Amino acid sequence: LSADLTDPALYRSGRQFDAWRQARAAHPVAWTDSERFGAFWSVTGYELGSWVLKRSELFTSGSGMRLGADPSSVQAASNKMLVVSDGDDHRRFRRAHAPYFTGRGVARLGADLARELHAHLDGLVGERAFDVVAELSSRIPTWTVCAMLGVPRQDWSLLAGLAATSFDDAVPHIRRKMASAQIFAYFWDLVEVRRTAPGDDIVSALLHPPAGAPRLSDEEIVFNCDGLVNGGLGTTRHAISDAVVAFAENPAQWQQLVENPHLVDSAVEEVLRWTCAPLHVMRTATRDVQVGDAQVRRGDRVVVWIPSCNRDETHFDDPERFRVDRRGGPALSFGGGPHYCIGAPLARMELRILVRELASRVHRFDLAGEVVRRSAGFLLGIDRLEVVAAKVEVVPQ
Ligand code: HEM
């Protein structure tokens with residue numbers, strides 16, 4: 001490949017979409033030697049990317065699912081936390097978590113979120129510029145994930161701050177490790193509290209499973225709490241921020257949505273395709289295997305560049321256009337196969353409620369400053385986004 005897809009400078013320059021387009025055209029599966037992370041296979045097209053993610057018997061997650069992860073942390077979490085588990089352990093964790101991510105659980109969190117947002121947006125929409133990241137996109141996932149975990153409200157911002165630090169590649173390694181250790185300590189304490197005083201939350205449900213449901217050890221529960229915090233905060237935060245940028249830069253699309261509220265679902269799918277903060281997911285080959293034209297050897301790392309798959313011109317019509325009425329199936333933003341994002345119903349619910357609430361109030365988004373993007377590690381997101389969200393004019397009858 002001519003560009004190093006792991007180089008933060010590529011993402012700062014905004015040229016990653018050109019680099020991915022060239023990679024898809026020239027080498028859909030390419031041996032990539034990077035300065036930061038050594039050598040691995042890069043997969044940049046949709047069909048091969050989703051094939052790799054579905055074939056978990058050929059590609060393990062147990063050796064880590066992203067480039068640059070701390071090997072000792074991966075080793076500690078392997079087969080204890082959903083995202084770095086395989087086989088029977090992974091199926092046991094999925095079954096234990098599943099009831100919380102379908103139907104009633106998500107609907108209840110959605111009702112609470114809609115109430116919070118309703119009041120909160122009144123203070124933001126109008127003539128004043130505000131920072132979308134601080135005032136909106138970092139709050140919505142925090143409200144939702146912390147409520148789901150049963151974290152008391154007074155601790156929400158503490159936990160959100162620790163999660164942001166522990167995942168921020170710009171922060172020195174030791175500070176990230178300390179933040180991560182504090183998250184673990186927090187959940188060890190919460191497990192102790194919920195053991196004797198259960199509530200209506202996922203920690204209590206995992207500690208007191210109904211008869212016949214899988215049982216997790218305390219250690220596995222704590223690892224998976226950390227997984228939910230890390231999986232659910234930054235990803236959704238960046239999707240919300242980038243959605244606002246997309247709507248500001250495509251005012252005709254926003255207008256179409258405001259005039260056609262039934263497009264909310266397709267608009268949310270398009271936001272997910274367009275924004276996708278996780279840049280890649282990684283697997284390790286469990287045996288020699290042919291991937292496209294490439295002969296992958298056992299032990300080789302295979303990296304699927306998800307936002308590139310989401311712009312694959314052989315899979316999506318006119319992929320470089322942001323269209324709220326796009327049809328044609330989901331993007332790869334939530335991954336695929338057994339590790340398909342367990343939080344997808346929750347993330348979709350958060351985005352749907354937000355977009356619906358905004359569409360009923362905001363006539364137009366205007367960027368009121370530079371969009372400050374973070375240099376990319378695993379997540380490519382936005383750190384600051386000043387915007388004016390102009391009110392829908394109410395015409396007196
Ligand atoms: C827009 C928002 C989100 C995006 C783009 C996203 C993306 C992803 C992707 C790509 C994977 C697959 C990882 C792999 O294959 O190795 C994944 C897995 C996961 N996500 Fe999400 N996610 C989002 C929101 C959430 C939320 C809200 C939660 C929970 C509160 C969550 C929790 C998880 C967990 C626990 C896994 C591991 C599932 C497993 O290994 O079985 N995610 N996510």
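One-based numbering, in listed order, for ligands and for the atoms of each. Keep in mind it's a predicted model, so treat the numbers as computed, not measured.
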Run down the list [options] and name the one with the heavy atom closest to [atom].
atom                    : options                        : value
atom 13 (C) of ligand 1 : Val281, Leu332, Asn224, Ile342 : Val281
atom 38 (C) of ligand 1 : Arg94, Glu350, His238, Met148  : Arg94
atom 40 (O) of ligand 1 : His339, Arg348, Met349         : His339
atom 16 (O) of ligand 1 : Met282, Arg66, Arg283          : Arg283
atom 27 (C) of ligand 1 : Pro345, Ala344, Gly232         : Gly232
atom 19 (C) of ligand 1 : Ala347, Cys341, Pro338         : Cys341

Can we call the ring centroids of Phe187 and Phe223 under 6.0 Å apart? no

Are Trp143 and His120 close enough that their ring centers fall under 6.0 Å? yes

When you group the ILVMFWY residues by side-chain heavy-atom contacts below 4.5 Å and let the links chain together, are [Y] and [X] in the same group?
X      : Y      : result
Tyr340 : Leu272 : yes
Val372 : Tyr11  : no
Val171 : Met178 : no

Leu82: numbered ligand 1 atoms lying under 4.0 Å from its heavy atoms: 35 (C), 39 (C), 40 (O), 41 (O)

Taking only non-hydrogen atoms of Ile306 and a 4.0 Å limit, the atoms of ligand 1 in range are 10 (C)

Please determine whether any non-hydrogen atom of [X] lies less than 4.0 Å from an atom of ligand 1.
X      : value
Ser333 : yes
His90  : yes
Val145 : yes
Leu351 : no

When you compare the side chain of [Y] with that of [X], does any pair of heavy atoms fall below 4.5 Å?
X      : Y      : value
Val303 : Leu67  : yes
His339 : Val281 : no
Glu220 : Ser217 : yes

CG (Leu228) and CG (Leu82) are apart, to the nearest 0.5 Å, by 7.5 Å

Drop me the distance from Leu10's CG to Phe17's CZ, to the nearest 0.5 angstrom. 10.0 Å

To which protein heavy atom is [atom] closest, and what is the distance rounded to 0.1 Å?
atom                    : value
atom 11 (C) of ligand 1 : Phe334 O, 3.9 Å
atom 1 (C) of ligand 1  : Leu272 CD2, 3.8 Å
atom 25 (C) of ligand 1 : Gly231 O, 3.3 Å
atom 23 (C) of ligand 1 : Thr235 OG1, 3.5 Å

Check the angle between the aromatic planes of Phe40 and Trp305 and answer parallel, tilted or perpendicular using the 30° and 60° thresholds. tilted

Proximity of Leu346 to ligand 1 by residue part, where a heavy atom lies under 4.0 Å: side chain

